[in-house]
Each structure stands twice: as structure tokens, then as C-alpha cells.
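Notes to accompany the following structure.
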Amino acid sequence: MEEREELKSILGYLPVVARSRSLFWPSQAVETLKDLGRGRVNSGEVLFTAISDLRRSLSASSSHPLTPGAADGYALFFDDIMSREESGKWFGEVFPALANLLLRLPSLLQLHYQNAEDTALRLLDSQQPGFVLLSQELISALLGCSLLCLFPVTDRSAKHLPTINFDHLFAALYDSYNQKQESKIWCIIHYFEKITSRMPMGFVSFERKVLPLEPTPLRISYPKAEFWSNSVIPLCLFEVHRSGLIEDHSSGALEVDFANKYIGGGALHRGCVQEEIRFMINPELIASMLFMPSMADNEAIEIVGAERVSNYTGYASSFRFCGDYLRNQRRGEHFQAHVNKTGNDFAERQQQQEPGRIGLEYNPHLQRWLPFQKENRVVFLLVLE
């Protein structure tokens with residue numbers, strides 16, 4: 001098992017151990033997870049103690065302590081913000097089921113590597129195009145590790161990987177409480193409530209796409225500014241909608257995010273705009289943050305099949321969790337992220353354009369549109385505020 005190159009590339013970023021042909025939890029971690037599965041946790045304070053015990057069993061606490069305020073954030077949410085009824089359901093039903101799911105993580109990973117060939121979980125390095133296909137069940141176990149802050153983080157910054165554990169998310173709630181941060185956590189909690197009551201059995205794909213920087217025979221390379229300024233090819237037909245939300249568009253739409261170079265942006269910190277909201281209402285997107293290093297100018301990340309679980313209202317500081325998302329359990333959505341070279345705000349981009357600059361702005365989009373050139377019509381959603 002550990003001889004597979006794909007597993008070798010990601011093993012140092014997973015909380016499990018590989019030996020011979022097996023993946024497993026350390027024995028102390030197994031005992032702690034079994035206790036959690038028996039419903040031995042009844043508060044946020046006790047939950048964080050269990051998190052600390054698990055991290056010690058994985059030697060994670062000494063190598064990289066959790067961010068200050070995380071313990072207080074877990075206690076604040078589960079002991080003060082949650083109602084007694086909500087807390088009783090979480091610690092009586094949801095969390096024990098989640099702990100039992102985590103016990104199965106090694107076997108879920110082994111099954112994944114046995115069945116996957118070119119789509120196995122691995123580090124998808126910058127400038128290396130590749131495709132990973134994960135079951136929703138495996139993703140739910142990985143996100144359970146994020147909730148309990150079990151992923152090793154020592155070498156993540158060296159590989160330009162984004163945050164993956166949830167300690168910053170909870171610490172931000174305590175450090176400067178606001179309803180926006182609380183609502184982000186409610187989206188995550190609701191996701192775990194849903195998957196522990198009915199585990200989805202589909203798959204989500206994650207792909208890093210790369211345009212070559214230098215001209216390559218039979219392949220389209222990363223265009224220079226002159227490509228756009230000299231082009232006489234007409235644009236395809238498109239529609240502009242002055243209102244509406246991109247995630248509410250009809251199924252089959254391609255969603256393009258003017259994104260942070262780190263996939264997910266500030267989703268697991270304090271961020272709460274376009275990309276971060278998408279990652280909260282479709283938490284399976286967060287799995288990409290485990291193995292996708294930052295994007296360069298000629299790269300894009302495409303995610304297909306992440307399921308939306310939450311409704312919301314507002315934006316940024318007015319963002320609010322509004323319960324379950326039920327509309328036909330729509331799946332197969334295309335979410336794509338890319339580097340925005342000239343700034344995150346659309347108005348700022350307009351002001352910053354220089355001669356030749358606007359062509360570079362289009363380049364990250366090109367590699368997303370190429371696979372869809374068979375279509376004769378493209379629909380865009382543009383929200384004007």
C-alpha cells in the first residue's frame with residue numbers, strides 16, 4: 001500500500017499511519033475514537049479535551065499547537081450558542097456517529113486506493129495537471145478530521161497548501177464574535193448532521209488544469225496579451241443576468257470564481273464573500289484544501305459534484321445560515337477557481353486595467369472554457385450590487 005506513489009505524496013498530510021499493506025490509526029487514537037463513539041462527550045469543553053487527546057496520540061500537539069482561542073471557540077459554540085436541545089442531539093447522535101465514521105477512515109482510504117488508478121488521492125502539485133475522484137463518504141471522514149484538527153500541518157506552508165483544520169474557524173468566533181462567523185460554523189455543523197443521518201454515496205472530482213507557459217505542438221499555451229488584443233474571433237452568444245445568485249442557476253452551469261490563489265480563500269478563517277460562502281454551503285469543496293497547493297497564473301482548479309447542503313441570506317458581514325437546502329438535492333455542479341491577477345474586487349479590476357493588461361485577465365478563464373467549446377451558447381450570471 002505505502003509503495004504507491006500517490007499515497008506517498010499525501011501520506012505526510014494525513015493523520016493515519018501506513019505499514020506494509022495497511023493504513024491504520026495509532027492504538028491510542030482508536031481507543032479515544034471508540035470512547036467518542038459511545039457518547040462520552042457532552043460539551044464543547046469536553047470535546048476540545050478529546051481533540052487534544054487525539055492530537056497527542058498522533059504526536060500532532062507537540063509539533064504544531066492549535067491556534068490560540070480555539071478551545072474557547074469550541075466551548076463558546078457548543079456550550080453557549082447551541083441550545084440545550086441542539087447540543088443534546090449533536091453530542092447524543094451526530095458526534096458519536098461521526099466518531100464511528102472516523103474509525104473507518106483507514107479502511108475507506110484503503111478501499112479508495114484499491115479501486116482508484118489515475119484518480120487516486122494525492123498531492124496535486126503546482127504545474128502538474130491531474131485528476132482526483134473521491135467518494136462523498138471518504139470526503140465526510142476527511143472533513144471529520146478537519147473538525148477535530150487531526151491533519152498534520154508542519155510542512156503544509158512549505159508546499160503552499162491552504163489551511164485544512166478548523167481551529168482558526170472556531171478561534172475567530174471567540175476572538176471577535178460576530179453572527180457571520182457563527183453562521184459559517186452552523187453550515188459545517190449542518191453538513192455533519194446530514195451525512196450522519198443519511199450518508200450520500202456519490203463522488204466528487206477535483207482537477208488541476210494547466211496551460212503550458214511556452215508554446216507546445218498540438219496544445220494551446222498560455223496566451224500573451226497580444227493574443228487577445230489582435231484576435232478577430234467573435235465571442236459566442238451569452239446572456240447577462242443583472243440579479244440572482246450563481247449557485248441558484250439551473251443545473252449543468254459552469255460556475256467561475258474570481259478567486260484567491262489558495263483554493264477556498266479565507267473559508268476556514270474569517271473570510272465570507274463569494275468563494276468562502278460557496279465552501280460553507282457546499283462543504284465537500286473544503287476537501288480540495290487538503291491536497292491542492294496554491295494556483296499560479298496559468299492554472300485552474302475544477303471541482304464537479306460537490307453537494308449543496310445549506311441555505312443562506314446575506315453577504316460578507318450580513319451572511320446568515322438559513323437551514324437545510326432541499327431543492328432536488330441537485331448534484332453535478334461545476335465549481336472552478338483561478339488566480340485573479342489584478343485584485344478580488346470587480347470595481348478595482350476595472351480601475352487597474354492597463355494597456356495589454358486586460359488580455360492577461362482573460363487567460364485564467366481560457367482553460368475553463370476550452371472543454372466547453374462544443375456548446376454554441378454560454379450563460380453567465382453577473383450580480384451587480
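The structure displayed is predicted, hence computed values, not measured ones.
Taking both residues in full, the closest heavy atoms of A70 and A171 are given as N-CB, 3.7 Å, listed atom of the first, atom of the second, then distance. Scanning both residues, L105 and A141, for their nearest heavy atoms gives CD1-CB, 3.9 Å. Here the closest heavy-atom approach between residue L268 and residue F166 is recorded as CD2-CE2, 3.7 Å.
A salt bridge is defined here as a Lys NZ or Arg NE, NH1 or NH2 lying under 4.0 Å from an Asp or Glu carboxylate O, and E6 with R4 meets this definition. Of the charged side-chain nitrogens involved, at least one lies within less than 4.0 Å of a carboxylate oxygen, so that E5 and K8 count as a salt-bridged pair. Taking the charged nitrogens against the carboxylate oxygens, K194 and E307 have no contact shorter than 4.0 Å, which rules out a salt bridge. Between D125 and K159 there is a salt bridge, since a side-chain N of the basic residue sits under 4.0 Å from a carboxylate O of the acidic one.
Relative orientation of the Y74 and F170 rings is parallel, given thresholds of 30° and 60° on the angle between their planes.
With hydrogens and angles disregarded, no donor-acceptor distance shorter than 3.5 Å links the side chain of Q179 to the backbone of F319. The backbone N or O of N178 sits nowhere less than 3.5 Å from a side-chain atom of Q181 that would complete a donor-acceptor pair. Although no hydrogens or angles enter the test, the distance criterion places a donor-acceptor pair under 3.5 Å between the side chain of S107 and the main chain of R104. No donor-acceptor distance shorter than 3.5 angstrom exists from the side chain of N311 to the backbone of C322, with no hydrogens or angles considered. In terms of modelled atom types and a separation under 3.5 Å, the side chain of R308 and the main chain of D248 share no donor-acceptor contact. With hydrogens and angles ignored, the 3.5 Å screen pairs a side-chain donor or acceptor of R55 with a backbone N or O of C149. H190 places no side-chain N or O within 3.5 Å of a backbone atom of S310 that could act as its donor or acceptor partner. Proximity of a side-chain donor or acceptor of S294 to a complementary backbone N or O of K261 within less than 3.5 Å is not detected. With hydrogens and angles disregarded, a donor-acceptor distance shorter than 3.5 Å links the side chain of Y315 to the backbone of Q274. Looking at D155, its side chain never comes within 3.5 Å of a backbone N or O of A158 through a donor-acceptor pair.
Under the rule for a side-chain hydrogen bond (donor to acceptor under 3.5 Å, both in side chains), S9 has no partner lying at least two apart in sequence or in another chain. Applying the ring pair (Phe, Tyr, Trp, His ring centres under 6.0 Å) criterion to Y13, with sequence neighbours excluded, gives no partner residue. Scanning for salt bridge (Lys or Arg N to Asp or Glu O under 4.0 Å) contacts around R38 gives D35, with sequence neighbours left out.
The hydrophobic cluster containing I286 does not contain V153, counting ILVMFWY residues as joined when their side-chain heavy atoms lie under 4.5 angstrom apart, directly or transitively. Grouping the Ile, Leu, Val, Met, Phe, Trp and Tyr side chains by contacts below 4.5 angstrom, directly or via other members, places F24 apart from L109. F321 and I81 end up in the same hydrophobic cluster when Ile, Leu, Val, Met, Phe, Trp and Tyr side chains are linked at under 4.5 Å. Grouping the Ile, Leu, Val, Met, Phe, Trp and Tyr side chains by contacts below 4.5 angstrom, directly or via other members, places L108 apart from V17.
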Open item on the list: side chain to side chain donor-acceptor pair (under 3.5 Å) for T196 and E93? Distances and angles first, verdict last.
Closed with: CA-CA 8 Å; T196 53; E93 301 175 21; over 6 Å; no
Open item on the list: Set out, in order, the CA-CA distance, both residues' side-chain angles and the distance that settles side chain to side chain donor-acceptor pair (under 3.5 Å) for Q127 and N298, then state yes or no.
Closed with: CA-CA 8 Å; Q127 305 303 316; N298 63 322; 3.0 Å; yes
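Note that the CD1 atom of I301 and the NZ atom of K209 stand 11.5 Å from one another [nearest 0.5 Å]. Rounded to the nearest 0.5 angstrom, H269 NE2 and D167 CG are separated by 8.0 Å. Atom OH of Y312 and atom CE of M280 lie 12.5 Å apart (nearest 0.5 Å). Residue Q136 holds its CD atom at 4.5 Å from CD of E284, rounded to the nearest 0.5 Å. Expressed to the nearest 0.5 Å, how far CZ of F48 lies from OG of S43 amounts to 12.5 Å. Note that CD1 of I303 is 4.5 Å distant from CD1 of I263, once rounded to the nearest 0.5 Å.
Summarising the local packing, CG of D80 is surrounded by more than 12 heavy atoms from other residues, nucleotides or ligands at distances under 6.0 Å.
Side-chain atoms of F192 and P283, non-hydrogen and from C-beta on, never get closer than 4.5 Å to each other. Side-chain contact between R122 and F291 is absent, with no heavy atoms from C-beta onward closer than 4.5 Å. You'll find the side chain of H160 reaches within 4.5 Å of the side chain of Y262, heavy atoms only. Here the side chains of V256 and E302 are not in contact, with every heavy-atom distance at 4.5 Å or above. Between N282 and E247 there is no side-chain heavy-atom pair separated by less than 4.5 Å. L148 is listed as a side-chain neighbour of F95, based on a closest heavy-atom distance under 4.5 Å.
Within the 6.0 Å centre-distance limit, the rings of F91 and F78 are counted as a close aromatic pair.
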